Amino acid sequence: MSKRLSEQEEQRRLHMEQLRQAGIDPYPPRCTRTHTCAEALQLLEGVDGEETTSEVVHVAGRMMSKRVMGKAAFGHIQDGSGRLQFYASVDNLGEEEYHRFRKLFDLGDIIGVAGPLFRTRTGEPTVRAQSITMLAKSLHPLPEKWHGLKDVELRYRQRYVDLIVNEDVRQVFITRTRIVSALREFLDARGFLEVETPILQPIYGGAAARPFITYHNELEQQLYLRISFELYLKRLIVGGFDKVYEIGRDFRNEGISFKHNPEFTQLEFYQAYADYNDVMRLTEEMIAYVAQKVLGTLKIVYGEHEIDLTPPWRRRELRQALIEETGIDIEAYPDAESLYQAIRAIGGNVEPKATRGKLIDSLISNYLEPKLIQPTFLIDYPVEISPLAKRKPGSDTLAERFEGFIGGMEICNAFTELNDPDDQEQRFLEQGRAYDAGDEEAHRMDEDFLTALSYGMPPTGGFGMGIDRLTMLLTNRDSIREVILFPHLRPRPAP
RNA sequence: GAGCCGUUAGCUCAGCCGGCAGAGCACCUGCCUUUUAAGCAGGGUGUCGCGCGUUCGAAUCGCGCACGGCUCACCA
C-alpha cells in the first residue's frame, strides 16, 4: 500500500484513527435500524406543525450533506428508500458525541441516527438526533454535490459512485428491473414456462455472430458462450413444453457501439401451435403491457421523438418498404453482384464482396431502420438471411419472419419456426458453404438439433428481443452503456 | 479497424496565438444552536493522462502511446 493518498483521503484516515483511539469501531458488525428513510417520513404524515412524535426512530444511511452551525448542525442521510434530514446539537447529543460527529464524521460516511421526528420551521421532516453512530467510514470524498459525477469513464468504471450521487441513474436501473419483472408477469400469466438452457455450448447457433470461445479442461472440449438460446428452446418445444421463455445473457464477439455490448440481455420465447402473425400480436401486447406497467403510459418520449406504443403496430413488407425508401426491388436482383450494382447506383457505400443477404441487411440498417421511429414490424425476409425460419407458403424466396423497430432501433426478431428437418439440413448446408467462403457469422451445422427436429416439432412461433434496447427506449437513454450496470471497457491503464 | 474530439485539484470546469497553476463545490483553521447549493473570515491541497521532441522557457506547439467519447465501418 504505497499508493499516494490525496490530502482528503489522508484526512479521512486520520479521522478513522481518531475514532479508533476513542474506542469506536469504524466498521461495527451490527447496527440498529427500525425504519428506512421513507418509512420514517411516513410517520410524520398528517402530523401538523413542528410537533415532535414521541416515537424514537433508528435510521441509517450515507451522509450526503452536513451543515454545521457552531453548536448545532443539519445533515441528510440517504438509504435505498430516499433521503432524510437529521438535526444534531450539543443539547441533544452532549458535548463529546456532538464534537465527535462534528470533527470526525465526513460526507459519504455510513451512519446511524436515532431520535424522535419533528418538523423544522420550514416544514422539513427531521430526526432530532439523540445519538449518531458510525456504521462504515468512507475513505474517499464524494463527487461534487451539485454537478454530480459526469466523467463517463469514471461513471462506468465506478458505477457505485455514479449510483450514489446521480439519482437519475439509480432510477434507470430500477426501471430496468421493473421492465424485466413486467415481461415475466406478462408471459407467466399466459402460461409460459421460464427455463434455463446452457450458456456453454458445444456448437453455437441461433443467430449470426462471432462467438467467444472457451475450453473445459476435464471434458477436453472446446465450448462457446451462447450467441442465442434458440436451438435449445426449440428442443424443449419438441419435448412438449408448448410455451417456454428464457431471459438471460447472450455473448457476441463483435464491435461495441451505442447499441451493442459484447454481452447483452435477451428474451426469447417460443409458442407451439402459433405462427409469426400470432407472435406479432403477442409482441405489441407485451411491449404495451410493459410500458403501461412501468411508465404508466403508452406514449413515450425518445430523444426528439414522441412514440406511441398502442397496438396494433404498423406492418410493412420488407420488399415494399425497400422499394419505397430506396427504389430498389430486391426481387429484381437475385444475386449479390446485380444487387451490389443497384446499391452503388443509388450512391450506397457497400462492401463489394458482401453476400446478397448482407447487402439486403445493409439496405435495411442504412435506409429503413433510422426511419422506423413509430413501432413497425418489417415482415417477410429473404430466406437466405433467415436460416431458421419457415418459408412463406407460395414463395421460394421469402420466409415468415419479422423484425420489430422502435425509435430507429431493431428491438426484436421473430419467425414462424422452420420445423422441416430436411429443409433445415439444407439451410445448414448452405450456411456451411457461406462459412467456408469466409462468412464467419454463417450458421454452423448442428446435427443434434436436426435429430431433435426429426422427432417432430409442432408448428411454432418464436421471438427474440434485446432487453437492453427496450430499456433504452423506455428510459430515454441514447447509449446501451447507460442501461447496463457494468459495461465493458478496456482495462484501466497502469498508473 | 478509420476519422474527429477530449484527458488540468477529490468532483465540475476555466486557462491553450509559449512566460509565476486558476474558479466553484469538497477539504483544512477559526466564528456561528432551525439549516438545506447555510453563512462569515482565512488557507490551494496539483505527476496539467504518459513518453519523446522543439524552445532560453511547454498545461499550451509537434510526434508517439494509453484511456474515454462521438461518427463511420462491423454487428443477418
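No hydrogens, no waters, no symmetry mates; every other heavy atom, side chains included, goes into these values. The sequence lines fix the lettering, A, B, ..., with proteins before strands; numbering per chain opens at 1. Small disclaimer: the values here were computed from a predicted structure and weren't measured.
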Checklist line | Donor-acceptor pair (no angle test) under 3.5 Å: A:E124 side chain, B:rU34 base | finding: no
Would you indicate what A:G148 reaches in the nucleic acid, counting non-hydrogen atoms under 4.0 angstrom: base, sugar-phosphate, or nothing?
sugar-phosphate
Contacts of A:I110 meeting side-chain contact (heavy atoms from CB on, under 4.5 Å) (sequence neighbours excluded), chain-then-number -> A:R62, A:L135, A:A136
Answer yes or no: does a side-chain N or O of A:R481 lie under 4.0 Å from OP1 or OP2 of B:rG69? yes
Notebook entry, point to check: Angle class for the A:F212/A:F251 ring planes (parallel below 30°, perpendicular above 60°, tilted otherwise)?
Noted result: perpendicular
The side-chain contact (heavy atoms from CB on, under 4.5 Å) partners of A:E325 (sequence neighbours excluded) come to A:R316, A:L368, A:K371
| request: Scan A:L154 against the nucleic acid and name what it touches under 4.0 Å (heavy atoms): base, sugar-phosphate only, or nothing. | output: sugar-phosphate
Margin query: Over all strands shown, is A:K71 touching base, sugar-phosphate only, or nothing at heavy-atom distances under 4.0 angstrom?
Written below: base
Original post:
So does A:E167 pair up with A:R83, basic N to acidic O under 4.0 Å?
Top reply: no
P gap between B:rG15 and B:rU8, integer Å = 14 Å
Readout for nucleotides 24-30 of chain B: B = base within 4.0 Å of protein heavy atom, S = sugar-phosphate only, - = neither; 5' to 3' it is BBBSSSS
Quiz prompt | base_contact_polar (B:rU33 base, A:Y87 side chain, donor-acceptor, <3.5 Å) | solution = yes
RNA chain B nearest-nucleotide lookup for A:F258 and A:A209: closer to the 5′ end is A:F258
Side chain of A:R121, base of B:rU34: donor and acceptor closer than 3.5 Å? no
field: C1'-based separation of B:rG62 from B:rA21 [nearest Å]
entry: 23 Å
Checklist entry - Checking A:Y27 side chain against A:K137 main chain: does a donor-acceptor pair fall under 3.5 Å? => result yes
When both distances are under 3.5 Å in a Watson-Crick or G-U wobble arrangement, the nucleotide paired with B:rG68 is B:rC5
Notebook entry, point to check: Is A:A73 touching bases, backbone alone, or none of the nucleic acid, heavy atoms closer than 4.0 Å?
Noted result: nothing
When the C1' atoms of B:rA23 and B:rU34 are considered, how many whole Å apart are they?
31 Å
Closest to the 5' end of RNA chain B, once A:V152 and A:R102 are matched to their nearest nucleotides, is A:R102
Mind checking the C1' distance from B:rG46 to B:rC20? Whole angstroms is fine. 15 Å
Quote, to the nearest angstrom, the P distance that separates B:rG51 from B:rA14.
24 Å
**Report entry** Phosphate OP1/OP2 of B:rA66: any A:R490 side-chain N/O under 4.0 Å
**Finding:** no
Review point. Can you find a side-chain donor-acceptor pair between A:Y333 and A:Q341 that sits under 3.5 Å?
Key: no
- request: Verify whether one side chain among A:Q266 and A:S228 offers a donor that lies under 3.5 Å from an acceptor in the other.
  value: no
If you compare every side-chain N and O of A:R252 against the phosphate oxygens of B:rC74 (OP1, OP2), does one of them come in below 4.0 Å?
no
Under a 3.5 Å limit on both distances, the Watson-Crick or wobble mate of B:rC61 is B:rG53
Heavy-atom side-chain proximity of A:E441 to A:R252 below 4.5 angstrom: no
Atom CG of A:D151 and atom P of B:rA9 are separated, to the nearest Å, by 11 Å
Rounded to whole Å, the NZ-P distance (A:K259 to B:rC74) equals 12 Å
Report which part of the nucleic acid A:V68 touches: base, sugar-phosphate, or nothing (heavy-atom distance under 4.0 Å, all strands). base
Look at all strands and tell whether A:I364 reaches a base, only sugar-phosphate, or nothing, counting heavy atoms closer than 4.0 Å.
-> nothing
Considering only atom C1', compute the distance from B:rC11 to B:rC52 and round it to an integer number of Å.
-> 32 Å
Pairing partner of B:rU33, by Watson-Crick or G-U wobble and under 3.5 Å for both distances, is none
On the 0 to 90° scale, with breaks at 30° and 60°, tag the A:F402-A:Y276 ring pair as parallel, tilted or perpendicular.
-> tilted
* **Quiz item: A:T120 side-chain donor-acceptor pair to B:rU35 base, under 3.5 Å** => yes
